[in-house]
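The structure appears below as structure tokens.
Because the structure is predicted, anything quoted here is derived from the model rather than measured.
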Amino acid sequence: MKKVALVAAAAAMVLPLGLGVIAPATNTTTAFAATKKAAKKTTYALQSATKLKKAAYHVKAGRPALYSGAFAADRAKVTLSKKGTLKTGTTYYATKKIVVKAKATRTSKAKSVTYTYVKTGNAKVKGWVAAKHLTAGAAKKAAKRAVVQKSATKKVTTTATTEKIVKAAKAKGTTYNLVSAQTIKKSAYHFKAKAPAFYKGKFAADKAKVTLIKKGTLPVQKTFYATKKITIKRHKKTVKYLYVTNQKTKGFVLASKLTAGAFKAAD
């Protein structure tokens, strides 16, 4: 009598909600099934069936399986057939739940499993899903998007700030103690290896200081003419810079990077 009452309860819960005609779970093969790969089906003993107050749920991670349910008419049995999967970022509404008895296997004992009947707001997706995969509450797409956008904005802002600091540091240059400064006889120079940097020199008016601000690198295969020389104190060592020009290019270059003489293609 208990099983009959349970079957009746399941029927009363399912039929008014448009799940289709309840029929005994069988292995009958139809013409349609012959042309399409059969869905994986599992039949369970039905322990309870309950209506729920409509509530929102979402999936936190993964893609849990979604099943259709066929309830037997004459016994407390339900057959679940896989029909698809649920996804994250979507809100599902639960209206029913069932508890079934999963049979023991070689690796696990018999246990009770709860399945919840859910559907999307437009009812295009609906079916049974293991309750353990659901989290109460609507999916917070907007909040997640806002966090991502905020993170991206913060990253862009941080990058822009770093670039500004670097540019400001380059524009500001580096100040050194000026040991000596003199005009020299105009002489030709060139470089053999990597193009060296050249700098603008800003001399302090009231003390022996010079600030070197990078302007760029010397153009290749050119002859440069030196007309001035300065000696500065850098890292406790004295270092010499030559002031060179070539048309629009002009500035101080580390003397050790230059070779005396005009540039020749054979170099």
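By the 6.0 Å and 45° rule, K119 does not stack over the aromatic ring of Y93.
Considering only residues two or more places apart in sequence or on other chains, Y57 meets the side chain to side chain contact (heavy atoms under 4.5 Å, CB included) condition with A55, A94, L134, A136. Annotation: side chain to side chain donor-acceptor pair (under 3.5 Å) contacts of T223 (sequence neighbours excluded): none. Evaluation of the side chain to side chain donor-acceptor pair (under 3.5 Å) rule for T175 yields T211 as partners, not counting sequence neighbours. Residues that satisfy the side chain to side chain donor-acceptor pair (under 3.5 Å) test with Y67, not counting sequence neighbours, are absent from this structure. Residues passing the side chain to side chain donor-acceptor pair (under 3.5 Å) test with D206, sequence neighbours excluded: none.
Under the 3.5 Å distance criterion, the side-chain polar atoms of K200 are left unmatched by any main-chain donor or acceptor of G173. Using modelled atom types, one side-chain atom of S187 and one backbone atom of K185 make a donor-acceptor pair closer than 3.5 Å.
A continuous path of Ile, Leu, Val, Met, Phe, Trp and Tyr side chains, each step under 4.5 Å between heavy atoms, connects Y243 with V239, placing both in one hydrophobic cluster.
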Do any side-chain atoms of residues 177-184 form donor-acceptor pairs under 3.5 angstrom with protein atoms, and if so which ones, sequence neighbours left out?
residue : atom : partner : partner atom : Å
N177    : OD1  : K209    : NZ           : 2.4
S180    : OG   : T231    : OG1          : 3.3

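For the pair Y44/Y115, a side-chain contact is recorded, criterion being any heavy-atom separation below 4.5 Å from C-beta on. Within the 4.5 Å cutoff, no side-chain heavy atoms of F191 are placed close to those of K257.
Between Y199 and F252, the ring centre distance reaches or exceeds 6.0 Å.
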